Amino acid sequence: MRALLVNPWICDFAAYDLWARPLGLLQIAAYLRRAGVEVILVDCLDRFDPRLVGYLREKYPERKYPRATPYGDGPYHAETIPKPPVYRDVPRRYKRYGMPVELFRRLLRESPQPDVILVSSGLTYWYPGVFEAIRLLREAFGPVPLLLGGIYAALCPEHARQNSGADVVYAGSALPEILRLISELTGFPFKEPFPGAAEEARVFPAYDLYPELRYLTLRTSAGCPFRCSYCGWYLLAESSRYTRLAPDRVVEAIEHGYRNLHVHNFAFYDEALLYRAEEHLLPILEGVRKKGLQCIFHTPNALHARFLTPELASAMKQAGFVQPRLALETVDPVRQRRTGGKVNAREVERALFWLEQAGYAPHEIGVNVLIGLPEQPLAEVEASLEFVHRLGARIFLEEYAPVPGTPAYRESGLPPDADPLLHNNSIFPLYGPEHYAQFQRIKDLAHHLNRELEEKKPAGKKGAGS
Ligand code: B12
């Protein structure tokens, strides 16, 4: 029994590889292998795939590939493609990010015939890349059973069933159920993997399927203790409960990555990494220290400032966390409460102070600010930017992307069955030129403030810890 697992392209106006991995697909791969399945992975978004690197070096000899920062993050290869009609009025180029289609076709031609195909999906509005992959997979392998899962499939299952061309759209995340589905589709009788196999797959996703690894992602929990109005984690988790791996299992995962896969950069994918840190993150970091692993940790999914303590800040600094990122979202106390009450401005200010005490320069610390929440005045965003700037931290302006099924989606005025392309966080121009101009002004302001911070860096460094 052979399964071909595919992580399709991103189609969007912008994309950057911020330690992105198709973690769900890699967990499925690990689980299937335990059930005796041979697994082949084609990841259109793997920037380090030697076949991609070879292809690009040949085609663009004047450029350098792979392009990456010392931490392994970096820009994707991208090709401009025609805009879907709903984006007609967006004055930006629309691109397909990842491996060129020609190379994808070649990899499929060279792949042995699979018995089943599993296609994953990321953000809901990236579905054009998913559809394109399915079309090309059909072209290459004909009627081989094809399953579609992942975030788009889970948040927009009806849209996916009607339009994707997959045989089955699976909207959940339970590994044993996925195996049962494959068995039904192929008629192949699997032996039930042992009871702890699902946890094993979560601890050890099949990273070894990558020929070259520069970073790993860690998801030590599923879900979040909060329910912010704009976030849809509870629509995606296996159960709508918040669960975590035991700290020693996380240490095992890190040690495996470090020693066996020779990776030093790890990005946490948790929604609430710092929650009850004395039971979770602190023992994890202590375990890593005891084992003498010299890791570099990243937190692209911003941290809850409320849970940061002086002890935690210094444990993070010593363990090798770089460029920590905090979630503020907004300085407006009413909106903070209305959206879920996860943090307030004072808590962010305090967290920054403790991070500085622990040895981070303020400009190394990033703070997320949301723009574009339903009915959010731009003056509020501006005030949030000024606040972060006054603290000396770097602004990360996050454009709000509506998640169907959440309270904020209902407030956004989009109908429940809107084309998922309209969930895109970069389509402000569609709301009218005036709106777009104002939005552009805020974006420019964020750039300007960050540049000012850059220029003041040495002064910022001197002030660190004060
Ligand atoms: C980690 C994370 C990130 C990471 C990286 C994600 C990545 N891989 O690229 C970072 C921090 C970079 C990120 C960024 C953003 N993110 Co994000 N992110 C997440 C988060 C918290 C976890 C995703 C994850 O890895 N889950 C764990 C794995 C194991 O689960 P999984 O991949 O879903 O796989 C399971 C199932 O889906 C299924 N499955 C998966 N594939 C397949 C295939 C088949 C065939 C089958 C049968 C099953 C199946 O089984 C798997 C195993 O259990 C989710 C929320 C969530 N709880 O999912 C938001 C989420 C996906 N992000 C979201 C958003 C909005 C963003 C941003 C746009 C934020 C912003 N405004 O800037 C950016 C854009 C990212 C970009 N350009 O890459 C939204 C998506 C909204 C949407 N409309 O789609 C989510 C849902 C959060 C939310 N707000 O509700 N994100």
Side-chain angles (χ1 to χ4, degrees), residues 3-8 10 12-32 45 73 76 97 116-127 130 145-156 166-182 185 198 201-202 205 217-219 221-224 227-238 240 242 267-273 298-302 325 329 368-373 396-406 408-409 420-426:
L4 172 62
L5 274 55
V6 177
N7 184 34
I10 293 173
D12 206 337
F13 299 101
Y16 180 87
D17 180 3
L18 206 56
W19 304 287
R21 285 283 180 224
L23 195 50
L25 205 57
L26 298 176
Q27 293 177 353
I28 294 170
Y31 192 75
L32 291 183
L45 297 175
D73 57 317
Y76 293 110
Y97 292 86
V116 64
I117 300 172
L118 277 75
V119 178
S120 194
S121 59
L123 302 194
T124 54
Y125 46 89
W126 293 344
Y127 74 78
V130 177
L146 190 151
L147 263 100
L148 171 62
I151 287 165
Y152 157 67
L155 292 174
C156 305
D167 294 312
V168 175
V169 172
Y170 174 66
S173 62
L175 298 174
E177 240 176 82
I178 296 172
L179 187 64
R180 255 193 304 281
L181 263 176
I182 297 177
L185 273 173
R202 292 192 197 282
T217 54
L218 296 167
R219 191 158 158 88
S221 56
C224 181
R227 274 207 185 200
C228 299
S229 63
Y230 43 78
C231 178
W233 71 262
Y234 50 91
L235 305 167
L236 294 156
E238 203 171 306
S240 49
Y242 170 55
F268 283 100
Y269 268 14
D270 297 74
E271 277 103 337
L273 184 64
H298 306 274
T299 53
N301 235 350
R325 217 151 134 175
E329 323 304 5
N368 282 5
V369 171
L370 256 177
I371 178 168
L373 281 169
F396 283 89
L397 194 58
E398 300 269 322
E399 297 158 36
Y400 167 64
V403 182
T406 59
Y409 184 95
L421 290 173
L422 295 172
H423 307 161
N424 193 308
N425 60 1
S426 305

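The model shown is predicted, which means the values in this text are computed figures rather than measured ones. Numbering of ligands and ligand atoms starts at 1, following listing order.
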Close N or O approach (Glu399, ligand 1; < 3.5 Å): yes
4.0 Å protein heavy-atom contact status of atom 38 (C) of ligand 1, strictly under: yes
Side chains of Tyr170 and Leu148 in contact at under 4.5 Å (non-hydrogen atoms): no
Cation-pi check, Arg219 onto Phe268 ring (under 6.0 Å, within 45° of axis): no
Distance flag for atom 54 (C) of ligand 1, protein heavy atom under 4.0 Å: no
Non-hydrogen atom of Gly172 closer than 4.0 Å to ligand 1: yes
N/O donor-acceptor pair under 3.5 Å between Tyr269 side chain and Arg21 backbone: yes
Which residues share a ring-ring contact (aromatic ring centres under 6.0 Å, His included) with His298, sequence neighbours left out: Trp19, Tyr71
Within reach of ligand 1, part of Asn425 (heavy-atom separation under 4.0 Å): side chain
Results of ring-ring contact (aromatic ring centres under 6.0 Å, His included) for Tyr125 - residues two or more places apart only: none
Pair Asn7, Ser120: side-chain N/O donor-acceptor within cut-off below 3.5 Å: no
Side chain, backbone, both or neither: Arg219 near ligand 1, heavy atoms under 4.0 Å: side chain
Ligand 1 contact on Pro402 by region, counting heavy-atom pairs under 4.0 Å: backbone
Protein heavy atom at shortest distance from atom 57 (N) of ligand 1: Glu271 OE2, 2.7 Å
Winner among Tyr230, Tyr76, Tyr269 once heavy atoms are compared against atom 6 (C) of ligand 1: Tyr269
Which of the ligand 1 atoms, numbered from 1, are nearer than 4.0 Å to a heavy atom of Ser120: 40 (C), 41 (N), 42 (C), 43 (C)
Under-4.0 Å heavy-atom contact between protein and atom 1 (C) of ligand 1: yes
Ligand 1 contacted by Tyr152 (non-hydrogen, < 4.0 Å): no
Structural part of Val403 in contact with ligand 1, heavy atom criterion under 4.0 angstrom: side chain
Polar atom proximity, Gly232 to ligand 1 (N or O, under 3.5 Å): yes
Nearest neighbour of atom 80 (C) of ligand 1 from the list Leu179, Leu123, Leu370, on a heavy-atom basis: Leu123
Distance, nearest 0.5 Å, that separates OH of Tyr409 from NE2 of His423: 3.5 Å
Ile28 side, atom CD1; Leu147 side, atom CG - distance, nearest 0.5 Å: 9.0 Å
Side-chain heavy atoms of Tyr230 within contact of Leu370, under 4.5 Å: yes
Distance from atom 33 (O) of ligand 1 to nearest protein heavy atom, with residue and atom: Ile151 CG1, 3.7 Å
Ile178 side, atom CD1; Tyr31 side, atom OH - distance, nearest 0.5 Å: 9.0 Å
Per-residue contact class, Trp126 against ligand 1 - non-hydrogen pairs under 4.0 Å: side chain
Short N or O distance, Ser173 and ligand 1, threshold 3.5 Å exclusive: yes
Leu146 backbone acceptor or donor facing Asp167 side chain under 3.5 Å: yes
Within-4.5 Å side-chain heavy-atom neighbours: Leu32 and Ile182: yes
Straight-line distance of Trp126 CH2 to Ser121 OG, nearest 0.5 Å: 10.0 Å
Any N or O of Asn301 closer than 3.5 Å to N or O of ligand 1: no
Region of Arg21 engaging ligand 1 - heavy atom pairs below 4.0 Å: backbone
Protein contact of atom 29 (C) of ligand 1 - nearest heavy atom, named by residue and atom, plus distance: Gln27 OE1, 3.4 Å
Per-atom contacts, ligand 1 versus Val119 - under 4.0 Å to a heavy atom: 43 (C), 44 (C), 45 (C)
Ligand 1 contact by Pro22, heavy-atom criterion under 4.0 angstrom: no
Contact check, side chains of Asn368 and Arg325, non-hydrogen atoms, under 4.5 Å: yes
Proximity to ligand 1 by part of Ile28, non-hydrogen separation under 4.0 Å: side chain
Protein residue, atom and distance nearest to atom 70 (C) of ligand 1, heavy-atom basis: Glu398 OE1, 3.0 Å
Check: Glu271 and Tyr242 side chains under 4.5 Å, non-hydrogen atoms: no
Heavy-atom side-chain proximity of Leu45 to Asp17 below 4.5 angstrom: no
Ligand 1-proximal atoms of Tyr400, by part, heavy-atom distance under 4.0 Å: neither
Ligand-residue contact atoms, ligand 1 with Pro300, heavy atoms, under 4.0 Å: 11 (C)
Shortest heavy-atom approach to atom 65 (C) of ligand 1 - which of Ala174, Ala171, Ala14, Ala401: Ala401
Heavy-atom protein neighbour under 4.0 angstrom from atom 88 (C) of ligand 1: yes
Approximate separation, where rounding is to 0.5 Å, of Asp270 CG and Asn301 CG: 8.0 Å
Min N/O separation Tyr125 to ligand 1 under 3.5 Å: no
Shortest heavy-atom approach to atom 49 (C) of ligand 1 - which of Cys231, Gly24, Gly150: Gly150
Closest protein heavy atom to atom 46 (C) of ligand 1, given as residue, atom name and distance to 0.1 Å: Gly149 CA, 3.5 Å
Steps toward side chain to side chain donor-acceptor pair (under 3.5 Å) verdict (Tyr400, Asn425): CA-CA 5 Å; Tyr400 167 64; Asn425 60 1; over 6 Å; no
Thr124 N/O to ligand 1 N/O under 3.5 Å: yes
Min side-chain heavy-atom separation Val119-Pro8 under 4.5 Å: yes
Which residue and heavy atom of the protein sit nearest atom 86 (C) of ligand 1, plus the separation: Leu236 CD1, 3.4 Å
Any protein heavy atom < 4.0 Å from atom 14 (C) of ligand 1: no
Distance filter under 4.0 Å to Ala20 heavy atoms, resulting ligand 1 atoms: 7 (C), 9 (O)
Atom pair CG/OG1 of Leu26 and Thr217 - distance to nearest 0.5 Å: 7.0 Å
Proximity to ligand 1 by part of Ala15, non-hydrogen separation under 4.0 Å: neither
